[in-house]
Amino acid sequence: MTYAPAEDRYDHMPYRRTGRSGLKLPAVSLGLWWNFGGDRPYETGRAIVRRAFDLGITHFDLANNYGPPYGSAEESFGRMLRDDLRPYRDELVISTKAGYDMWPGPYGEWGSRKYLLASLDQSLARMGLEYVDIFYSHRFDPETPLEETMGALDTAVRQGKALYAGISSYSAEKTREAHAILRDLGTPLLIHQPSYSMLNRWIEPDLLDALGELGLGCITFSPLAQGMLTDRYLDGIPDGARASRPGYSLWPDLITEESLEKIRALNELAAGRGQTLAQMALAWTLRDERVTSTLVGASSIEQLEDNVRAVERLDFHDDELAGIDRHATESGINLWATSSRE
């Protein structure tokens with residue numbers, strides 16, 4: 001049966017301007033980091049993506065090595081485009097990234113011109129696209145001149161293979177440098193994608209101020225702290241949870257008794273707001289107008305729908321924020337800190 005998106009798909013999702021650009025993104029975007037690779041049933045991921053679009057999610061975020069295995073999330077998403085979403089390409093914002101390891105040898109990771117542009121060509125081929133809307137440098141490369149990395153993003157835009165340039169997990173200082181380089185090249189830096197959650201607040205001291213001053217957008221990833229900010233871990237690590245499986249981003253030793261106490265306290269505050277812990281955690285990342293969108297993953301339609309309901313209450317009273325601040329403290333879970341410290 002031919003897919004027909006919901007006619008009311010734009011009626012309930014808020015859309016926010018990306019910095020001072022003309023591009024708007026949904027308050028909640030869908031990330032395909034996990035659950036959409038070759039290790040998962042295609043039809044499950046396909047149903048989630050279709051439902052996401054029905055709910056007003058127009059932005060789908062990928063990277064070259066999302067899967068597992070590497071590249072398979074892009075391949076699956078390309079198939080979804082062919083099967084369902086191709087007629088609606090102009091209603092979608094599709095992003096991909098390069099920076100982490102993708103193929104063997106010295107040209108398969110980091111920030112060289114050779115790697116970034118070759119990776120983008122591969123990503124476009126996997127998805128069956130002529131261009132992506134946003135192409136990111138996935139992490140700062142301390143051994144490659146920033147001029148070379150930003151020059152590759154500029155080339156991607158000038159070649160028509162990307163509409164906008166973005167960076168991920170860069171420090172405030174390097175963000176300012178990247179912005180200046182791209183400005184001089186004539187290709188504005190659009191957006192930064194940092195990790196951010198109630199348990200990982202590294203962007204607050206400097207980065208958010210830099211993004212606001214420079215007029216850049218901000219889309220946060222891992223707003224649920226790799227799943228910790230859900231009701232799943234209130235009683236410890238259940239069988240089958242991400243933290244119980246090898247190779248996943250949530251390591252069991254990150255879930256300490258101290259962190260569980262924080263999570264349980266935050267869960268009580270969420271209940272007082274009439275939200276689940278996940279919904280409050282997502283809404284909290286959007287409380288600052290400098291944050292354009294927050295990325296969620298999903299392993300089921302039900303989980304996606306529950307997360308999207310976060311937009312039904314984005315406001316916070318001062319006493320609620322004060323209560324959250326007592327428990328929403330750094331918990332040593334920023335697995336990407338090395339890149340943002342450079």
Side-chain angles (χ1 to χ4, degrees), residues 5-6 8-33 36 48-63 66 77 80-81 85 88-97 127 129 131-138 153 157 162-170 175 179 182 187-197 203 207-208 210-212 214-224 279 281-298 304-305 307-312 314:
D8 65 348
R9 60 189 177 277
Y10 295 116
D11 291 353
H12 306 292
M13 175 65 69
Y15 297 87
R16 296 181 168 198
R17 191 166 299 280
T18 308
R20 290 196 289 266
S21 78
L23 183 68
K24 290 184 178 181
L25 295 179
V28 174
S29 299
L30 183 63
L32 280 71
W33 181 14
F36 297 89
I48 293 169
V49 167
R50 285 164 51 149
R51 184 59 180 147
F53 190 45
D54 286 342
L55 292 170
I57 293 178
T58 54
H59 179 28
F60 298 90
D61 179 73
L62 298 105
Y66 285 0
F77 188 70
M80 294 170 197
L81 285 169
L85 296 176
Y88 311 100
R89 174 64 182 96
D90 292 338
E91 297 183 44
L92 306 178
V93 174
I94 300 169
S95 61
T96 194
K97 316 177 198 73
M127 291 187 282
L129 292 172
Y131 71 95
V132 291
D133 296 275
I134 307 170
F135 181 48
Y136 286 92
S137 165
H138 207 168
L153 297 185
V157 172
L163 300 186
Y164 298 98
I167 57 176
S168 179
S169 299
Y170 277 51
T175 295
H179 172 268
L182 281 170
T187 296
L189 180 60
L190 174 77
I191 195 168
H192 190 298
Q193 186 178 132
S195 62
Y196 184 51
S197 72
I203 71 174
L207 182 59
L208 276 176
L211 299 180
L214 299 173
L216 306 183
C218 177
I219 180 168
T220 63
F221 76 89
S222 201
L224 300 182
Q279 289 165 355
L282 294 171
W284 181 87
T285 64
L286 294 164
R287 76 198 186 286
D288 191 311
E289 63 181 9
R290 294 170 295 187
V291 175
T292 311
S293 182
T294 196
L295 280 163
V296 300
L304 174 70
E305 291 174 339
N307 286 341
V308 170
R309 280 193 283 271
V311 305
E312 294 174 5
L314 296 177

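Hydrogens, waters and symmetry mates play no part in the numbers below; they use all other heavy atoms, side chains included.
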Notebook entry, point to check: Would you say Ser95 and Phe135 make side-chain contact, with heavy atoms under 4.5 Å?
Noted result: no
Checklist line | Interatomic distance, Phe53 atom CZ to Arg9 atom CZ [nearest 0.5 angstrom] | finding: 4.5 Å
Next item on the list: Decide ring pair (Phe, Tyr, Trp, His ring centres under 6.0 Å) for Phe77 and Phe60; before the verdict, give the C-alpha distance in whole Å, the side-chain angles of both, and the deciding distance to 0.1 Å.
Entry: CA-CA 9 Å; Phe77 188 70; Phe60 298 90; 5.6 Å; yes
Next item on the list: Assess whether side-chain hydrogen bond (donor to acceptor under 3.5 Å, both in side chains) is satisfied between Gln193 and Tyr170, documenting all intermediate values.
Entry: CA-CA 9 Å; Gln193 186 178 132; Tyr170 277 51; over 6 Å; no
Check: Hey, is the main chain of Leu62 close enough, under 3.5 Å, to the side chain of Lys97 for a donor-acceptor pair?
Finding: yes
Notebook entry, point to check: Looking at CG of Leu286 and OG1 of Thr292, how far apart are the two atoms once the value is rounded to the nearest 0.5 Å?
Noted result: 9.5 Å
Next item on the list: Measure the shortest side-chain to side-chain distance between Thr58 and Tyr10 over non-hydrogen atoms and say whether it is less than 4.5 angstrom.
Entry: yes
Notebook entry, point to check: How far apart are the C-alpha atoms of Val311 and Met13, what are their side-chain angles, what is the distance that settles it, and do they pass the side-chain contact (heavy atoms from CB on, under 4.5 Å) test?
Noted result: CA-CA 7 Å; Val311 305; Met13 175 65 69; 4.2 Å; yes
Margin query: As an exercise, state the distance from CD1 of Ile48 to CD of Glu305, rounded to the nearest 0.5 Å.
Written below: 10.5 Å
Check: Once you round to the nearest 0.5 Å, how far does CG of Leu282 lie from CZ of Arg309?
Finding: 12.0 Å
Notebook entry, point to check: Which residue pairs pass the side-chain hydrogen bond (donor to acceptor under 3.5 Å, both in side chains) test when at least one of the two sits in residues 14-32, sequence neighbours left out?
Noted result: Ser29-Ser293
Item checked: With Asp133 via salt bridge (charged side-chain N to carboxylate O under 4.0 Å, His left out) - residues at least two apart -> Arg89
Checklist line | Identified side chain to side chain contact (heavy atoms under 4.5 Å, CB included) counterpart of Asn307 within the set Thr294, Leu55, Leu224 | finding: Leu224
Check: How many angstroms lie between CG in Leu25 and NE2 in His59, if you round to the nearest 0.5 Å?
Finding: 5.5 Å
Margin query: So Leu92 and Leu81, do their side chains get closer than 4.5 Å, heavy atoms only?
Written below: yes
Check: If you round to the nearest 0.5 Å, how far is OG of Ser168 from NE2 of His138?
Finding: 5.0 Å
